[in-house]
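Below is one structure; the comments refer to it alone.
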Amino acid sequence: MITRLVVWLALIGVALAWPVITYSLSERTAHPVLVIQVEGVIAPSAADYIIRAIKQADHEVAQALVIELDTPGGLDLSMRSIIKAMLAAERPIVVYVSPGGARAASAGAFITMAAHVAAMAPGTNIGAAHPVNMGGPMDKEMSTKVTNDAAAYIRTIAEQRGRNIQWAEDAVRKSVSATEKEALTLKIIDLVADKLDDLLVALDGREVTTAHGKVMLQTKGIEVTRIEMGLRDKVLKVISDPTIAYMLLMLGLAGLYFELSTPGAILPGALGGIFLILAFYGFQTLPINYAGLLLILLAIILFIAEVKVVSHGMLAVGGITAMILGSTMLIRSPEPFLRISLIAILGTTAVTAAFFSFIVTMALRAQRQKTTTGVEGLIGQIGTVRTPLTPEGSVLVGGELWSAHCEKGAEPGDKVRILAVKGLMLFVSQENEVVAVESDAMSTQQQQGGQT
């Protein structure tokens, strides 16, 4: 009787524990660790990439999502969107500042501290999270408001994750930074790992609390699945770069200029429109100075005017000056990663100026060339007399038969030069007479020069 009771109790215990056992086994075998790599500015493209990975981790019930982070900072709105998703995540989020030489500065410090587990590789650093107005310096009152808001935000994150609250506030107010060893000692992070495999071994057996509840990490020897950034995210990341957005703007304006100067070309206008739309998308994440944008547009107008109006290069000089000033003013930011490359500005200005200078040069050459068509083009040409000019007859010029008038007359076969055109009548003189007159004029000039 006692034996049966023990057996029944054992069976009941196994039945009750079976869901836990099977869940634990499935956690270890069926669900891998997802890994993404975020490098560069925290912009909308990076936020979309991270948030999508968090949702995928929740959907697949992944063991954890590891974010390999290396960023100089980024936009406040994008950072807050990422942190909201991290705080609401049902699966553990691990932020790993790596590889060696990487950093989690500014917005990166907030994201690292919001992780369920924060880790760093040797040779990395974290901090310098003082808020900066991307459009330029703020007045004292506004700076105080923004700083207090950021300090309160990072304090609540640090408190929720059990991290060093005082250091977190100092990172915002005093822009302090810490190496990986200092961060571990100050309880800013949880682990220091040389590489991803070492990190997974160190995470094994650690218990974290997510929005779903407590989760035991079982990551030792587990399968790792990397989520690569999609083509859309890669494109958005590239065009969010200030220098790329600036180049797209210039290419777009050039395309529209070609379309307006040669109506019906279609391709330049279509490409110009696409480039401008992409440029404006990139600019929406950047602190654009509209005075700089207007100066660039003025430069293009001056370059076009140089082609239409003879200004002896003055309009072109004004266009070059306006373009350089506009390009340097286009994005005003104290952050180096949000500035346009000076090399790109000078190169674009030089190419644009050279292009319009070439057009101006070709236009001036065309103006100086002798007219070869129409009535003006006939003057100076040589014709052959077909019927006697006494004084009127006919002359063959350029394969066409014209009525001609010659004061001294000419016989068929003689060569005559056209002096003037009135209506359909050509006024000509014999070629040898023109040569003689020119020779006499030259002799007279030489004699006068000798006497002088």
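Bear in mind that the values here come from a model prediction, so they are computed numbers and not experimental data.
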- Single hit among I54, V94, I50, V95 for side chain to side chain contact (heavy atoms under 4.5 Å, CB included) with L65: I54
- Query: Is the backbone N or O of V317 less than 3.5 Å from a side-chain atom of T321, with the two atoms forming a donor-acceptor pair by type?
  - Reply: yes
- Task: From the options I82, D76, L77, select the one residue that forms a side chain to side chain contact (heavy atoms under 4.5 Å, CB included) with M79.
- Result: D76
- Starting at CD of E207, measure out to CE of M216 and round the result to the nearest 0.5 Å. 4.5 Å
- State, with a plain yes or no, whether a side-chain heavy atom of V66 is found less than 4.5 Å away from one of L34. no
- Flag, side chain of T219 to backbone of L200, donor-acceptor distance under 3.5 Å: yes
- Going by an N to O cut-off under 4.0 Å, is there a salt bridge joining E141 and K145? yes
- Expected output: side-chain R161 to main-chain A114 donor-acceptor under 3.5 Å: yes
- Stepwise side-chain contact (heavy atoms from CB on, under 4.5 Å) check, Y49 with I36: CA-CA 9 Å; Y49 177 44; I36 62 174; 3.4 Å; yes
- Query: Is there a donor-acceptor pair under 3.5 Å between the side chain of D70 and the backbone N or O of S98?
  - Reply: no
- Task: Show the numbers, then the answer: is there a side-chain contact (heavy atoms from CB on, under 4.5 Å) between Y153 and R80?
- Result: CA-CA 10 Å; Y153 190 50; R80 289 177 183 261; 3.7 Å; yes
- Nearest 0.5 Å please: distance from the CD atom of E60 over to the OG1 atom of T225. 7.5 Å
- What are the two closest non-hydrogen atoms of L191 and A202, and how far apart are they? CD1-CB, 4.0 Å
- Message: So R206 and V117, do their side chains get closer than 4.5 Å, heavy atoms only?
- Response: yes
- What one should report as the nearest heavy-atom pair of L184 and D190 is CD1-O, 3.5 Å
- State, to 0.1 Å, how close Y246 and S327 come at their nearest heavy-atom pair, and which atoms those are. OH-OG, 2.6 Å
- L325 side, atom CG; I320 side, atom CD1 - distance, nearest 0.5 Å: 12.0 Å
- Item | W402 to L426 - nearest heavy-atom pair and separation | CB-CD1, 3.4 Å
- Query: So do the side chains of I111 and M86 get within less than 4.5 Å of each other, counting heavy atoms only?
  - Reply: yes
- Query: Which heavy atom in A193 sits nearest to a heavy atom in Y96, and how many Å separate them?
  - Reply: O-OH, 2.7 Å
- Check against side-chain contact (heavy atoms from CB on, under 4.5 Å), D204 and L217: CA-CA 5 Å; D204 190 60; L217 290 168; over 6 Å; no
- Task: Could you grab the distance from atom CE of M229 to atom CD of Q37, nearest 0.5 Å is fine?
- Result: 9.0 Å
- Query: Are any non-hydrogen side-chain atoms of L199 and K195 less than 4.5 angstrom apart?
  - Reply: no
- Query: Are K55 and E90 close enough for a salt bridge, meaning some N to O gap below 4.0 Å?
  - Reply: no
What pairs of donor and acceptor atoms, side-chain ones from residues 295-304 against any protein atom, are under 3.5 angstrom apart with sequence neighbours left out?
none

- Within the side chain of E180, is there an N or O that forms a donor-acceptor pair under 3.5 Å with the backbone of G123? yes
- Query: Are the side chains of N148 and R173 in touch, meaning some heavy atoms are under 4.5 Å apart?
  - Reply: yes
- Stepwise, does the side-chain contact (heavy atoms from CB on, under 4.5 Å) test hold for I227 with V35? CA-CA 6 Å; I227 304 175; V35 180; over 6 Å; no
- Message: Under a 3.5 Å distance rule, please check whether D170 uses its side chain to pair with a backbone N or O of V176 as donor and acceptor.
- Response: no
- Query: Heavy-atom distance under 4.5 Å between the side chains of N164 and Q166, does that happen here?
  - Reply: yes
- Considering non-hydrogen atoms only, spot the tightest contact between N125 and V97 and give its length. O-CG1, 4.4 Å
- Query: Less than 4.5 Å apart, any side-chain heavy atom of R155 and any of V172?
  - Reply: no
- Task: Please confirm whether the backbone N or O of P92 pairs with a side-chain atom of H116, one donor and one acceptor, at under 3.5 Å?
- Result: no
- Message: Please determine whether a side-chain nitrogen of the Lys or Arg among D48 and R52 lies less than 4.0 Å from a carboxylate oxygen of the Asp or Glu.
- Response: no
- Task: Kindly compute the distance separating OG1 (T147) from NZ (K174), expressed to the nearest 0.5 Å.
- Result: 13.5 Å
- Backbone N/O of A62 and side chain of R91: donor-acceptor pair under 3.5 Å: yes
- By salt bridge (Lys or Arg N to Asp or Glu O under 4.0 Å), D58 pairs with (sequence neighbours left out) none
- Is there a side-chain contact between P122 and T179, using heavy atoms and a 4.5 Å cut-off? no
- Note on the structure: Rounded to the nearest 0.5 angstrom, the OG-CD1 distance for S106 and I126 is 11.5 Å
